[in-house]
There are 2 protein chains.
Amino acid sequence: MQREVDTVEFAKAIADETRQQIMKHLCCVWLTVGEVVEKLDGRVNQPTVSHHLKKLEDVGLVHVRQEGRQRFYTLNQRRVTFCCGKLIRSFAPDYRDEYGV
Amino acid sequence: MQREVDTVEFAKAIADETRQQIMKHLCCVWLTVGEVVEKLDGRVNQPTVSHHLKKLEDVGLVHVRQEGRQRFYTLNQRRVTFCCGKLIRSFAPDYRDEYGV
DNA sequence: TTGACATATCGACAGCGGTCGATATAATAA
DNA sequence: TTATTATATCGACCGCTGTCGATATGTCAA
């Protein structure tokens, strides 16, 4: 069962270039915080990445798994579709059937 | 043909409570700026509403039509679905077929 | 042309949020 | 225990943006 979605919170969560890059890197793969930092290639440092991951986690956009002293993150694709579905239901009702949301 | 979509810009555009309220009011109906102000019931004033409408217009989320000295706005539902489609393609590829985006 | 009305633009202010360096916390290894 | 590694948290800074009042622009009527 999905937690209730606030479309404003969802939009705020993804309304940042760095966070969307992180989401791309976490799509279909589990990465540690350190690996995400590497992927971003020096654009931001570790505390900043942790900060962004927390924001994504707060709105349920990532899954987290602890293993030893590392934390693995991956994108919650289901939640993305769920939130996008709510956006379409809210702001594109004429297209609702077309997308089955 | 749709203008190219930057998912970050789209997210920023809808990442505001007031703007989402405006979008709701403009869904399936044409309203003047003054009517939008009324719908928001004193929460914000006319210049602020104009400011938000411009932001929405800049990313193609509203259609505008001038008539006399009034400007009518309505939500561009097609663009909403288009942007949400791109979000799903980018961040939920495993669900892409399911939603036909 | 003048006046009234509808909307857009401007300048200023304040709060939010992205970023950083420094440090705390937590887990493992020696 | 102590040291090391991985991540989270803290405090500060700064740019961005939502909001406002004032004013400009533009359109119509008289």
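In what follows, chains carry the letters A, B, and so on, assigned in the order in which the sequence lines appear, proteins first and then strands, with residues in each chain numbered from 1. Every value quoted in this text rests on a predicted model; they were computed, and no experiment measured them.
In this structure, A:Asn45 does not reach the C:dT19 phosphate: none of its side-chain N or O atoms is under 4.0 Å from OP1 or OP2. Between B:Arg71 and D:dG26 there is no side-chain polar atom (N or O) within less than 4.0 angstrom of OP1 or OP2. Not one side-chain nitrogen or oxygen of A:Thr48 sits closer than 4.0 Å to the OP1 or OP2 atom of C:dT19. B:Thr18 has a side-chain polar atom (N or O) that falls below the 4.0 Å cut-off from OP1 or OP2 of D:dT19. Within the 4.0 Å cut-off from OP1 or OP2 of C:dG18, at least one side-chain nitrogen or oxygen of A:Lys55 is found.
Between B:Arg69 and B:Pro47, the residue whose closest nucleotide on DNA chain D is further toward the 5' end is B:Pro47.
Here the closest heavy-atom approach between residue B:Ala13 and residue B:Leu61 is recorded as CB-CD1, 4.1 Å. Nearest heavy atoms, B:Cys27 versus A:Pro93: SG-CD, 3.4 Å.
When the P atom of C:dT7 is taken as reference, atom CD of B:Glu57 falls 13 Å away, rounded to whole Å. A straight line from CG of B:Leu31 to C1' of C:dT7 spans 15 Å, rounded to a whole angstrom.
Among C:dG18, D:dA8, C:dC20, the nucleotide with an atom closest to any side-chain atom of A:Val44 is C:dC20. For A:His52, the side-chain atoms get nearest to C:dT19 when compared with the rest of D:dT9, D:dT19, C:dT19. Here the nucleotide nearest the side chain of A:Tyr73, chosen from D:dA8, C:dT7, C:dG17, is D:dA8. Comparing C:dA8, C:dT19, D:dT19 by their closest approach to the side chain of B:Val33 singles out C:dA8.
Note on A:Arg96 versus A:Glu98: no salt bridge recorded, every NZ/NE/NH1/NH2 to OD/OE distance being 4.0 Å or above.
Contacts of A:Phe72 with the nucleic acid, taken as non-hydrogen atoms under 4.0 Å apart, are absent. Residue contacts for A:His51: at a heavy-atom cut-off of 4.0 Å it reaches a base atom on one of the strands shown.
Taking hydrophobic clusters as Ile, Leu, Val, Met, Phe, Trp and Tyr residues chained together by side-chain heavy-atom distances below 4.5 Å, A:Val64 does not share a cluster with A:Phe72.
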